[in-house]
Number of protein chains: 2
Amino acid sequence: MRTLYHPRTDELNLTTVLYALSDPIRLNIIKILDAKGEQSCSSLEIDAPKSTLSHHFKVLRESGIVHTRIEGTQRFISIRYEDLNARFPGLLPAVLLNFRQEE
Amino acid sequence: MRTLYHPRTDELNLTTVLYALSDPIRLNIIKILDAKGEQSCSSLEIDAPKSTLSHHFKVLRESGIVHTRIEGTQRFISIRYEDLNARFPGLLPAVLLNFRQEE
DNA sequence: TCGTATGTACGAATATATTCGAACAATGGA
DNA sequence: TCCATTGTTCGAATATATTCGTACATACGA
């Protein structure tokens, strides 16, 4: 696969975004990305099989929450802060705030 | 059933709340409740069988998003604005803001 | 007490998601 | 070119959700 699908900002759908965020593993991925910034898939060090993680990366990317950049054999994932905030102002910060409070 | 289960504010779980909000019918219920305030189940006038709606009311109530008050044969549902905002500041307003923008 | 109104509970069918092993693709270095 | 690294895709098993008809529960008025 050469190019990866990323929905445009105006295509972001609220139920889709909320659904993508409603899974513990995916929320954990977002938590790490928020804390550390852009990361390669493997550097996240989440204890789950590769294919399981790949599935969750795809859900996050196709919902528009993350952007995936290909570099060599690696893929670097980052949160689409600006796009999300443009489409759903305050939504992601409210979710992220909860993480930060937990720790 | 005499008493209905409602989770305490400190028991509200982020993934559970996000999941409950990630369904179009449930989001529509919240949209109507936000616009009109407390409503009886039937007054929402959503085009779906009673048992289907009842299921969604239960998901919303058990996730802590709505409160259900029994009065006679009716049940009045309302959004738990304060509890949600205490537990997840800004989350619900961000979701509700999106509704209002849509119209 | 009987009937009506309001809504839940149950159960089964269907739909959708998650998980993960195995095979595959792409890149880059030796 | 061969191999290791990184990650995806496929497919099947399993788990979970949704939908909705039917039966049931409760309250209230006649």
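Numbered from 1 within each chain, the chains take letters A, B, ... in sequence-line order.
Residues B:Phe88 and B:Val17 have side chains in contact (heavy-atom distance under 4.5 Å, counting atoms from C-beta outward). Side-chain contact check for A:Ile30 versus A:Ile65: some heavy-atom pair is nearer than 4.5 Å.
Contact check on A:Arg80 versus A:Glu82 returns no salt bridge, with no Lys/Arg side-chain nitrogen under 4.0 Å from an Asp/Glu carboxylate oxygen.
Distance, B:Glu71 CD to C:dT6 P: 13 Å, rounded to whole Å. In this structure, CG of A:Leu18 is placed 16 Å from P of D:dA17, rounded to the nearest angstrom. One interatomic measurement links the two molecules: OH of A:Tyr5 to P of D:dT9, which rounds to 15 Å at whole-angstrom precision. Look at NE2 on A:His56: it is 16 Å from P on D:dG7, rounded to the nearest Å. Remark: P of C:dT18 and CZ of A:Phe57 are 14 Å apart, rounded to the nearest angstrom. The CG-C1' distance, from A:Asp23 to D:dT16, rounds to 12 Å in whole Å.
An OP1 or OP2 oxygen of D:dT18 is reached within less than 4.0 angstrom by a side-chain nitrogen or oxygen of B:Arg26. One finds a side-chain N or O of A:Ser42 lying less than 4.0 angstrom from the OP1 or OP2 phosphate oxygen of D:dG7. Contact annotation: A:Tyr19 side-chain N/O to C:dT18 OP1/OP2 distance is under 4.0 Å.
In this structure, A:Gln74 and A:Lys58 both approach DNA chain D, and ranking their closest nucleotides by distance from the 5' end singles out A:Gln74. Residues B:Cys41 and A:Thr73 each lie close to DNA chain C; by heavy-atom proximity, the contact nearer the 5' end of the strand is made by B:Cys41.
In terms of modelled atom types and a separation under 3.5 Å, the side chain of B:Arg61 and the main chain of B:Tyr5 share a donor-acceptor contact.
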request  = Given side chain to side chain donor-acceptor pair (under 3.5 Å), test A:Ser43 with A:Ser40 step by step and report yes or no.
outcome  = CA-CA 5 Å; A:Ser43 66; A:Ser40 70; 3.2 Å; yes
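The only member of B:Leu97, B:Asn98, B:Leu91 that meets side-chain contact (heavy atoms from CB on, under 4.5 Å) when paired with A:Leu91 is B:Leu91.
Proximity of residues 45-55 of chain A to DNA chain C (heavy atom under 4.0 angstrom from any strand atom) is restricted to A:Pro49, A:Ser51, A:Thr52, A:His55.
In the model, B:Tyr81 has a side-chain atom that pairs as donor or acceptor with a side-chain atom of B:Asp34 under 3.5 Å.
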